[in-house]
Structure formats: structure tokens, C-alpha cells
Amino acid sequence: MAIASPTRNRGHARWATWRRRAYVPVMLAPVVLTLGVLFFGSLLVALLQSFGHAPIYGITEFPTLKHYRSLFALPGFWASVGLTFYYAIVPTIVGTIASLYLALTLRRRFRGRRFVQFVYKLPLMIPYLVGVALTIVLFGNGGIAARTLFALGVIDSTGDFPRLIYSHAGWGVMFVYLWKQIPFTTLILYSVLMGLGKESEEAAVTLGAGRWQTFWHVTLPQIMPGVVSATIIVFAFNFGSFEVPFILGGGFPNTLPVEAWRAFDDADYSKRLRAMAIVMFIGVLSSAVLITYLAAYRRFERLRGRQ
Amino acid sequence: MIRQRRRGLGDRDRLGPFGRFYLTVVVGMVLGPFVPLVIGSFAFRWTWPDLLPSRWWWEARATARLPQGWDYVFSPISRVVESTGNTILIAILVTLLCAAISLPAARVLAKERFRGKSFVEFFLLTPLIVPEIAVGLGILVTFIQLGLAGTYWGIILVHLIPTIPYMVRVLTSVFQGLSDDYEEQARVLGASPLRTLWHVTLPMILPGLVAGGLFTFLISSNIFLLTFFIGGGRIETLPTLLFSRVSGGGALDAVAAGVALIVCIPGIVLLVITERFIKEEVFAKGFGG
């Protein structure tokens, strides 16, 4: 950049250095401030309230742990934690495996490739609630699946059809997650695969590696970073998802986000602090899982000698 | 030996019967559920155990006391038209605002090296990995105090949280692919920074900006939880309207099916546009590629 001569214009030079120094902070300021205030500000509000600082409800007992203590003692709370993990982890694992295979398949040559490439992305584009509606139509007690089984003579009444939705087993919840998330994970993995190209795999095959050997030792290690990012996003989403378990899950206990909303929505305002405690607990649990997962992945990469 | 190797490579590229079966299942799982949904939206009476409705909406049109099926969807009482308007208005404003505040940050992240850069990058990723509900309740409490709850600006502001990370990522990769030469030439030739931005930089990043904008629009129009919290029933968008239609438990009525189909429209339109004009990689920019 232009360097001003010090004898001619010292003020101008100082202005130029100031501008150079301020450039990065000023450019970053809009995004950092917006997210900082909205995102971290609200987390801070929730944190303070969960420890008993809520002047709007006339509660100023900060700092107290009683909202957490009452939460942990609540009947059904730990069952709720279990359900949250269950609904989050199972679809993440099943979905990742299904997506890996789908991404690898999409790379091959076959007829109708353009059509499949188009169709599989559809769930990615529409809200989870549409998936919920589809699940009710398909797997509800009087849904299409039950009607088809009736027509085939497998069941005699709606009562014979297994409860797939509105139950704690959560088949419906997990179906919606998979329906929405397999396309998401596949898209990430597919574009990572496209970025890599096929050279190293072809080299492995030329050197005599079998299908599985190539997959385990060449393809998978290369796309591992993509797998890790996708699973992190998917897990974090499922862990905090509200509307799907709220509608398709069983009654009480439900997942932590649903219980948080119920506590917040209660006519008794003091329960709102418990809602904040639940929400903080969700954040801490989810971060702990993700940090452990990332650390394990880093360790694995180091052990393998890749940095 | 050589022949065998060649065949090996060829075989790997062509899809086997199991792979074809898998793709059929995937396509079936994606499209299949829509068939009963579409049929359901036209049904008037569809009782157990009929596989097709026994009476259709247009047959019952004359006799039914209240508007049925799609008549109801498009009548003002269903609030579908109003919600669609809200969804589009909010999404457009979110997209414009999000682009305006993300552009400078993306440029700096793509072109400059500075201390704390990886921290800023991590900071911008956190909304993707911290559950939305953790943020939602804190914001709701704050917005109630500030009088922003139940207002358009309140909803627009919260929509920035999940959209900024995506927009910054897309725009950063756009700026990374941009050479400095043209801007420098414009400056050397005497163009002011503003003129350079308007006549040189913006036209060059326009395709990426459009791609990022389309995704922001889509994300915003699909957000449920934050709109539900901040809108508080006063401002309905398509996802919150659908929520109130499907959260009652039990089976799905024709109106709910109709609303669910309407909610899909922005996504389908966008899918068609992106398939035609935008390269796949934009979707997954920076996810470990």
C-alpha cells in the first residue's frame, strides 16, 4: 500500500496506520457484535436466571443452585436425559452409515443419475414439520402403513398396529430425523468426495486392494473430516430439537428441550427459572459430548500419524 | 494381469444391483410419503381402513357448511396467505441484513491474516453446534423486556443467528476464489473505494452472493423454533402455522395436509434453481473438504 512521506504529512501517515489497524476489527464488528449480543447475550441471560437472578419476576436469590437441585430431583428427569441422548445418537449413527453408502453410490455411473441427484436433496429443503406431517400420515395408528397391513390381512384393527408415533420408543421421531438428515450428511460427504477425486482410490485398486480395503484404508480416512463435521452438526441439532419430539414423542417424560418449554410455558412463573436451568444443562451436556468426540477424533488422527 | 486390472476399475464405476436397489429405496422414501399427503389434502372423508378417500373434497363442497380442503387453505380464516406473506417478508429482510453484515467479515476472513482469526472462525461456528433452544429462551425473556417479542424486527433479529454462520462461510469461500488484481487496477486508475466496491467487487462476487442469499432465504423460511418463541402466536409464518395444525395429536386432516404441501413450495423452487445454476460444492463449503 502507499506509504506517506513523514516529512510531508505526519497526520496523514498516522491516519493511514490507524486505518490499517482498525480495518480488521471494523470489518468484523457487524457480525461479531450481532452474534455476540444476540447469541451470547441470551445465553448469559439464561445462565444468570438459572442461578436465580431474575428481577423481572421479583426473584433475586443469585447465586443459588436450588433450581438445578430441584431439577435433578425431579421425577422423570433422568429418564428425560436418557431419551434425549437416545433420540439424538441413534439417528446420527444410522444416518451417517446410510449417508456414507449413499454418497459412495451417487458417485457411480447409473441410469437416472440426474434424477436421483435431484430428488434425494428434497428433504433438505423443507422444514422438519413437513417430515412430521408425513410421518403422521404414514405411521399413525390409522395411517397408510396400518391400512396397507389391514388390506393385506396382517392386522384386524388399528389396535393391532404397533405404536410408532406418540410413544417413547420414538420410531417416528427418529424416522423424521433420518428423513431430513441423510440428505444433509450425504450432500456434505458427496461434495467432499467430489473434491478429492478418485485418483488415490484407483491407485489402491491398481495396487491390488479389494473393495473393503480401499474403503477402509483409502476412502474413509480421506473423508473422515467431513464425517466428523456432519455428525457434530446432526447430533447437536437432534439433541436440541424441540418440535419433533414434542409432537411425535410420548407424553411425560419427554426430551429435555420439550421439558424446558413446558416448564417455561407453565402458569407458575417461578418454573421459568427451572426452564433456564434445563436449557443450560442441555448446552453443557451437548458441548461436553461434542468436545469429547472432537478430542477423541484428534487423538485418533494423531495416533494414525496424520499431524 | 493387465486385463484383470482394467476390468476391476470398470466394475467399480458401474453400479451393481444392490446399489440400484438402495437408490430405489432412497427415492421411494423421499417421494413416497408425499403420495398419501397429496391424496389426503383432497379428501373429505377418508376413514379406516380405506386406502383411498370415500368422498373427495370437491364432491362435498356444496354440502359442507364450512369451506373444506383447499378452499379452506386459501380462505383468509386459515391464515395461510397471511403466513406466506410473513414468511417471505421476513426471509427477504433477513437475507438482505445478513448479507450486509456478513460481507465485510467474509472479506477479512478470506483475505487477511490476523491474530485471533481461528478464534473468530470458531466463534462464527458456535450457533451451528449450540442447540437453538438454549438460545431461544434467553432471547425470548430479553425480547419480552425490550418489547421486541411478537414483532417483525424481533423475528428478523433472531433469524440472523442461524443464518450468519452459513452466509459467512459461503461468502468467505467466494472471496477466497477472487483475485485482488481487478480491485487494485481500479484503485490505481483512480476509482474511490466505494466505486471500486460497487463497480468491480460486487459484480465479481454476485453469483456467490446470490447463492448465499438463496440459502439464507431458505433457512429463514424454514425456521420454526425461534419464530415460535419470538412470534408468540402474534406473527405466524408457514412453519408455525403448520405446527399448530399438526401438534394436536391424532390423524392429519385435509387442511393440515394442504398446509404441509404449501410449506414445501419455497424449498422445491429453490432446489430447482440451485440444481440448474449452482454448483454442488457451495452447499458444503468448509465442512471438512
Side-chain angles (χ1 to χ4, degrees), chain A residues 24 27-28 30-31 34-35 38-39 42-43 45-46 102 105 108-110 116 118-123 125-127 129-130 132-134 136-138 140 142 144 147 150-151 158 187-188 191-192 195 205-206 225-226 229 232-233 236 239-240 242-243 247 257 260 264 275 279 282-283 286 290, chain B residues 5 8-9 13-15 19 22-23 26-27 30-31 33 36-37 40 48-49 51 101-102 104-105 108 112 114 120 127-135 137-139 141-142 157 160-161 164 222 224-225 239 242-243 246-247 251-252 260 263-264 267 270-271 275 280-281 283-284 287-289:
Chain A
V24 169
M27 297 282 272
L28 288 175
V31 158
T34 313
L35 273 190
L38 286 173
F39 183 74
S42 59
L43 283 181
V45 168
L102 183 56
T105 309
R108 306 281 199 77
R109 274 188 296 121
F110 56 91
V116 177
F118 176 79
V119 164
Y120 93 90
K121 281 182 222 136
L122 184 64
M125 306 301 221
I126 56 191
L129 282 163
V130 174
V132 170
L134 293 172
I136 295 174
V137 168
L138 278 185
I144 293 302
R147 285 166 199 238
F150 179 85
T158 51
L187 187 58
I188 289 181
S191 45
V192 172
V205 174
T206 314
S229 336
I232 285 177
I233 293 174
F239 202 80
F242 164 74
E243 64 266 35
I247 301 173
F264 189 85
V279 152
I282 295 172
S286 150
L290 293 181
Chain B
R5 240 186 259 155
L9 283 175
D13 218 36
R14 217 180 53 233
L15 195 59
Y22 185 64
L23 288 180
V26 168
V27 170
V30 169
L31 293 183
L37 195 70
W48 169 268
L51 280 172
I101 64 176
S102 301
V108 165
E112 307 288 326
F114 54 91
V120 173
L128 288 183
I129 46 179
V130 175
E132 245 175 26
I133 189 149
V135 189
L137 285 187
I139 287 197
V141 170
T142 317
L157 279 176
L160 287 175
I161 297 172
I164 283 177
N222 283 0
F224 164 72
L225 186 72
L242 183 58
F243 177 79
V246 296
S247 61
L252 205 72
V263 174
C264 298
L270 213 71
L271 184 59
E275 274 300 293
E280 201 107 60
E281 287 79 50
F283 275 105
F287 285 110

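The structure displayed is predicted, hence computed values, not measured ones.
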Best-contacting candidate, B:P104, B:G40, B:P36, B:A251, against chain A by heavy atom pairs under 4.5 angstrom: B:P104

Toward chain A, the part of B:I129 with a non-hydrogen atom under 4.5 Å: both

Chain A contacts, top residue of B:F243, B:F114, B:Y22 (heavy-atom pairs, under 4.5 Å): B:Y22

A:L138 versus chain B, the contacting section by heavy-atom distance below 4.5 Å: side chain

Which portion of A:I247 sits near chain B, non-hydrogen atoms under 4.5 angstrom: side chain

Where A:A133 and B:L252 come nearest, the two heavy atoms and their spacing: O-CD2, 3.7 Å

Choice from B:L137, B:L37, B:L242 maximising heavy atom contacts with chain A below 4.5 Å: B:L137

Closest heavy-atom pair and its distance - B:I133, A:P257: CD1-O, 3.3 Å

Distance in Å, A:L28 CG paired with B:I101 CD1, rounded so as to fall on 0.5 Å steps: 12.0 Å

For chain B, the option from A:A151, A:P123, A:A46, A:P127 that forms the most heavy-atom pairs under 4.5 Å: A:P127

Residue selection (most heavy-atom pairs with chain A, distance under 4.5 Å) from B:P49, B:S102, B:A260: B:P49

Side-chain donor or acceptor of A:R147 paired with backbone N/O of A:G142 under 3.5 Å: yes

4.5 Å side-chain heavy-atom contact, A:F150 and B:L51: no

Contact class of A:L122 relative to chain B, heavy atoms under 4.5 angstrom: both

Verdict with reasoning, A:F264 to A:V279, per side-chain contact (heavy atoms from CB on, under 4.5 Å): CA-CA 10 Å; A:F264 189 85; A:V279 152; over 6 Å; no

Interatomic distance, A:I282 atom CD1 to A:F239 atom CZ [nearest 0.5 angstrom]: 7.0 Å

Spacing of CG belonging to B:L23 relative to CG belonging to A:L102, to within rounding of 0.5 Å: 6.5 Å

Side chain, backbone, both or neither of A:T34 within contact of chain B (heavy atoms, under 4.5 Å): side chain

Among B:V27, B:L157, B:V26, B:V108, residue most engaged with chain A (heavy-atom pairs, under 4.5 Å): B:V108

Among A:I144, A:V45, A:I136, A:V24, residue most engaged with chain B (heavy-atom pairs, under 4.5 Å): A:V24

Inter-residue atom distance A:L43.CG - B:I139.CD1, 0.5 Å rounding: 8.5 Å

Option that, when pairs with chain A are counted at under 4.5 Å, heavy atom only, ranks first among B:V263, B:V141, B:V120: B:V141

Side chain, backbone, both or neither of A:A275 within contact of chain B (heavy atoms, under 4.5 Å): both

